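What you see is a predicted model; the values in this text were computed from it and never measured.
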Amino acid sequence: MTQAPPQNPASMRRLIDLPGIDALELKALMKPRAADPDELYEFPDIAEAIDETARAAFGLTPDEAAAVARPADWDAIERLDPADMAEAFAAEGWDVLDTRRKPLRMLAHWALPLALAMRGVAGALPFQAEPDQPVTDWGSSLKAEASRFRKR
């Protein structure tokens, strides 16, 4: 895979910051097999939480995402190795790493819904507020302008 230009970490959206993702990462830490989509049938409570979290974050569950018809030029980002997947998502502005800079344990569950939503194929990305505008000290410039006006 080609190396993407480095992204500014401050400008990237972090998957783990979405509601519910961090809690499911903790569950996957306690029950590592829950992170494997093929073993999820053993953990119905975690499967239900994954569906609820994915629907809240992306507007569709992993199963609904799997049923979506993909465009002809789809790159199958969801089938990549986790490290390559993290690099591909980073190239599109998403940080899918944990605090130790390793791919999230549950990334296999989130990859397809996130990819479909960020590319506009299905679902929707979660709302992100615009960054705060820097506060300017316009009061001092008005004061200076007023003093110049009085001198005229």
Side-chain angles (χ1 to χ4, degrees), residues 1-140:
M1 177 168 234
T2 61
Q3 190 73 359
Q7 288 275 341
N8 177 4
S11 69
M12 293 179 60
R13 294 187 70 182
R14 295 189 63 213
L15 182 61
I16 200 161
D17 291 342
L18 297 180
I21 303 282
D22 193 32
L24 286 166
E25 280 295 303
L26 181 61
K27 287 184 181 189
L29 178 65
M30 299 301 182
K31 298 176 183 176
R33 288 188 12 212
D36 183 358
D38 295 331
E39 300 292 325
L40 198 56
Y41 67 90
E42 293 183 27
F43 309 99
D45 57 327
I46 295 176
E48 184 178 334
I50 289 170
D51 286 347
E52 290 172 5
T53 302
R55 183 174 303 285
F58 310 115
L60 68 164
T61 67
D63 290 336
E64 292 168 346
V68 170
R70 293 173 196 66
D73 61 346
W74 189 255
D75 63 356
I77 190 172
E78 74 279 3
R79 292 189 184 137
L80 296 174
D81 178 71
D84 291 336
M85 195 183 306
E87 185 178 313
F89 278 117
E92 298 201 34
W94 280 87
D95 179 0
V96 295
L97 303 174
D98 62 13
T99 55
R100 298 180 325 173
R101 307 311 298 157
K102 292 185 178 184
L104 296 175
R105 288 173 179 80
M106 302 286 270
L107 184 55
H109 298 286
W110 314 123
L112 185 56
L114 173 58
L116 290 170
M118 76 181 183
R119 293 176 177 169
V121 176
L125 289 176
F127 173 76
Q128 180 180 17
E130 292 290 323
D132 290 338
Q133 297 298 322
V135 177
T136 58
D137 189 19
W138 56 270
S140 64

Where do Arg119 and Asp75 land on the side-chain contact (heavy atoms from CB on, under 4.5 Å) test, with the steps shown first?
CA-CA 11 Å; Arg119 293 176 177 169; Asp75 63 356; 2.7 Å; yes
Checking side chain to side chain contact (heavy atoms under 4.5 Å, CB included) against Leu24, which of Ile16, Leu29, Thr53, Leu104 comes through?
Thr53
How would you list all residue pairs meeting side-chain hydrogen bond (donor to acceptor under 3.5 Å, both in side chains) that involve residues 19-28, not counting sequence neighbours?
none
Going by salt bridge (charged side-chain N to carboxylate O under 4.0 Å, His left out), name the pairs with one or both residues in residues 56-71, residues two or more places apart or in two chains.
Arg55-Glu64, Arg70-Glu78
Can you name the nearest heavy-atom pair linking Ala88 to Leu80, along with the distance?
CB-CD1, 4.1 Å
Ion pair check, Asp95 and Arg101, cut-off under 4.0 Å:
yes
So, Arg13 side chain and Pro126 main chain: donor-acceptor pair closer than 3.5 Å or not?
yes
Counting N and O atoms only, with roles assigned by atom type, does the side chain of His109 sit under 3.5 Å from a partner on the main chain of Ile50, one being a donor and the other an acceptor?
no
Heavy-atom distance under 4.5 Å between the side chains of Pro62 and Leu112, does that happen here?
no
Roughly how far apart are Leu114 CG and Glu92 CD, rounded to 0.5 Å?
8.5 Å
Interatomic distance, Arg14 atom CZ to Asp98 atom CG [nearest 0.5 angstrom]:
8.5 Å
Verdict with supporting geometry, Trp74 and Val121, side-chain contact (heavy atoms from CB on, under 4.5 Å):
CA-CA 10 Å; Trp74 189 255; Val121 176; 4.0 Å; yes
Answer whether the closest heavy-atom distance between the side chains of Lys102 and Leu97 falls below 4.5 Å.
no
Shortest non-hydrogen pair, Met106 vs Ile46, comes out as CE-CG2, 4.1 Å
What closest approach, in Å, do Leu60 and Gly123 show between heavy atoms, and which atom pair accounts for it?
CD2-CA, 3.4 Å
Test side-chain contact (heavy atoms from CB on, under 4.5 Å) on Val96 and Trp110; report intermediate values, then the result.
CA-CA 9 Å; Val96 295; Trp110 314 123; over 6 Å; no
Would you name the heavy atoms of Leu40 and Ala34 that are closest together and state the gap between them?
CD1-O, 3.5 Å
Roughly how far, to the nearest 0.5 Å, is the CZ atom of Phe89 from the CD1 atom of Ile77?
4.0 Å
Do Met85 and Pro103 have side-chain heavy atoms sitting under 4.5 Å apart?
no
If the plane angle is over 60° it's perpendicular, under 30° parallel, otherwise tilted; pick one for Trp94 and Phe58.
perpendicular
